[in-house]
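What you see is a predicted model, and the numbers here were worked out from it, not measured in a lab. A note on names: the letters A, B, ... follow the listed sequences, proteins ahead of strands, and every chain is numbered from 1. Computed from heavy atoms alone, side chains included, the values below leave out hydrogens, waters and symmetry copies.
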Number of protein chains: 2
Amino acid sequence: MTDLNKLLTPLFLSEKEIRKIIELIFFSYREFTLGPDEILNKINYGRAHHRVIYFVGKQNNITIKDLLGILKITKQSLSRVLNQLVKEKYILVSIGEDKRTKKLCLTQKGLDLEAKLSKIQIDKIKSIINDAKESDINGFKKILYSMIDEKSKKIFNKINE
Amino acid sequence: MTDLNKLLTPLFLSEKEIRKIIELIFFSYREFTLGPDEILNKINYGRAHHRVIYFVGKQNNITIKDLLGILKITKQSLSRVLNQLVKEKYILVSIGEDKRTKKLCLTQKGLDLEAKLSKIQIDKIKSIINDAKESDINGFKKILYSMIDEKSKKIFNKINE
DNA sequence: TTATTTAGGTCAGTCATATTGACTTAATTA
DNA sequence: TAATTAAGTCAATATGACTGACCTAAATAA
């Protein structure tokens, strides 16, 4: 980078500063999932189980198709995880009005696990919010939202209608 | 939640709003790694290879021990990935002054791949910065930093001295 | 100088996440 | 009736990561 370019590039836009953001994303995401992962590990579950439980809890009576649309994994990948959760009675399956579809919902056991896992992340965010300025939180949310592709934005907005 | 509690809890602190943040983190992180992952996939590499290449590029002549300290994975996990990168000449290994240690650095081939992978993420952040207010970016960075545990903060600060 | 610690490596086994590809069944819809 | 859709399944493969047990060589502490 030439001295002229350095002069023209605002400090907050320099590659060095951008690389710091990349690292912050790496470190913070790892930290964010660490707590739930430890609990999941004890019952021989993983990140995928949390995701399924989370979105089934969010969207009661969600179909397999819609869940796949959120998670963006293959049917075969979901199958393994979901079958475990159903077999171990965290999730209950019923037939939809369209009899080709299935509706998923959390059992009390599932609700308990969901609450336990999400509480760690919710508490973490709560404590950050308490220590931060509201404008910083709003900046954080805005940037996160702008990082998402259009299709996922639609899904995000749909599940938060 | 009682009506009184609702009154006392600022809107931006409600569980519903916090769950939105959890989802934003999930969607945005997935989107953020998608581009590099597609390139890595073509050469039969994965996320782990990007991380190793990234931090070796960041910290020239880093030792195995320090790399493990950043990645927080086991020696055995790093071994598989690193051996591939060395065998395929993305990374060069030399002996440190302390002859028990090894120093890692990127070859030209490694530098090229690192640049190609990171460019996608850097460009993404650049474009977000261009469209966002500086205060929002600063809020984003502050919140990310506050999400990290103390040990990782120390590592982050050390590699950015 | 010997004993201990440290840095790095390795072998073996296991588990979790996810993929591609090929099929099947049953219900809905054109 | 034909085509599409939702869901499921079998098989093989790759990646990422773990535990546990060992080993070597170099540096450092007793």
Report task. Measure from CG on B:L78 to P on C:dG8 and round the result to the nearest Å. Result -> 10 Å

Report summary line: A:K99 has its side chain closest, among C:dG8, D:dT15, C:dA27, to C:dA27

Requested in this report: Give the intermediate values and the outcome of side chain to side chain donor-acceptor pair (under 3.5 Å) for residues A:N157 and A:Y145.
Outcome: CA-CA 10 Å; A:N157 289 324; A:Y145 187 71; 3.0 Å; yes

Query raised in the report: Considering only side-chain heavy atoms of B:R51, which listed nucleotide, D:dA17, C:dG9, C:dA7, is closest?
Result: D:dA17

Query raised in the report: Looking across every strand, which nucleic acid part, if any, lies under 4.0 Å from A:T74 by heavy atom: base, sugar-phosphate, or nothing?
Result: base

Query raised in the report: Should the pair A:F27 and B:F156 be assigned to parallel (<30°), tilted (30 to 60°) or perpendicular (>60°) ring geometry?
Result: perpendicular

Query raised in the report: Between B:N41 and B:I73, which is nearer to the 5' end of DNA chain D once each is assigned its nearest nucleotide?
Result: B:N41

**Report entry** C:dG8 OP1/OP2 closer than 4.0 Å to side-chain N/O of B:K102
**Finding:** no

Requested in this report: Taking A:D66 for its side chain and A:I62 for its backbone only, find out whether a donor-acceptor pair lies under 3.5 Å.
Outcome: no

Query raised in the report: Does the side chain of B:S77 get closer than 4.0 angstrom to OP1 or OP2 of D:dC18 through an N or O atom?
Result: yes

Query raised in the report: Of the nucleotides C:dA16, D:dG8, C:dT6, which has the atom closest to the A:I64 side chain?
Result: D:dG8

Query raised in the report: Of all the choices, D:dT4, D:dC10, D:dG16, which nucleotide is nearest to the side chain of A:Q76 once you look at every atom?
Result: D:dC10

Query raised in the report: Atom OH of B:Y45 to atom C1' of C:dA18: distance rounded to whole Å?
Result: 20 Å

Query raised in the report: When the nearest nucleotide of DNA chain C is assigned to A:E97 and to A:Q84 on a heavy-atom basis, which residue is associated with the more 5' position?
Result: A:Q84

Query raised in the report: Roughly, in whole Å, what's the span from NZ in A:K42 to P in D:dT19?
Result: 14 Å

Query - Interatomic distance where NZ belongs to A:K65 and C1' belongs to C:dA27 [whole Å] - result: 15 Å

Report summary line: Quick note, A:N44 side chain, CB onward, closest among D:dG16, C:dG8, C:dA16 is C:dA16

Query raised in the report: Please walk me through it: do A:E88 and A:Y45 pass side chain to side chain donor-acceptor pair (under 3.5 Å)?
Result: CA-CA 11 Å; A:E88 294 171 47; A:Y45 282 175; 2.9 Å; yes

**Report entry** Atom pair distance, as rounded to whole Å: CD1 in B:I95 and C1' in D:dA25
**Finding:** 11 Å

Report task. Looking only at side-chain atoms of A:D98, point me to the closest of C:dA16, D:dA11, C:dT28. Result -> C:dT28

Query raised in the report: Ignoring hydrogens and geometry, is there a side-chain-to-backbone donor-acceptor pair from B:N83 to B:S79 under 3.5 Å?
Result: yes

Query raised in the report: Just to confirm, is there a sub-4.0 Å distance from OP1 or OP2 of D:dT15 to any side-chain nitrogen or oxygen of B:R47?
Result: no

Report task. Would you mind checking if B:E23 and B:K20 are paired as a salt bridge, meaning a charged N to carboxylate O distance below 4.0 Å? Result -> no

Requested in this report: Return yes if the base of C:dG9 and the side-chain atoms of B:K75 contain a donor-acceptor N/O pair under 3.5 Å, otherwise no.
Outcome: yes

**Report entry** Separation of atom CG in B:L68 from atom C1' in C:dT6, rounded to whole Å
**Finding:** 13 Å

Query raised in the report: Rounded to the Å, how far apart are A:L104 CG and D:dA6 C1'?
Result: 12 Å

Requested in this report: Give the rounded distance in Å between these two atoms: NZ of A:K87 and P of D:dG8.
Outcome: 14 Å

Report task. Verify the contact: side-chain N or O of B:H49 to OP1 or OP2 of D:dT15, cut-off strictly under 4.0 Å; return yes or no. Result -> no

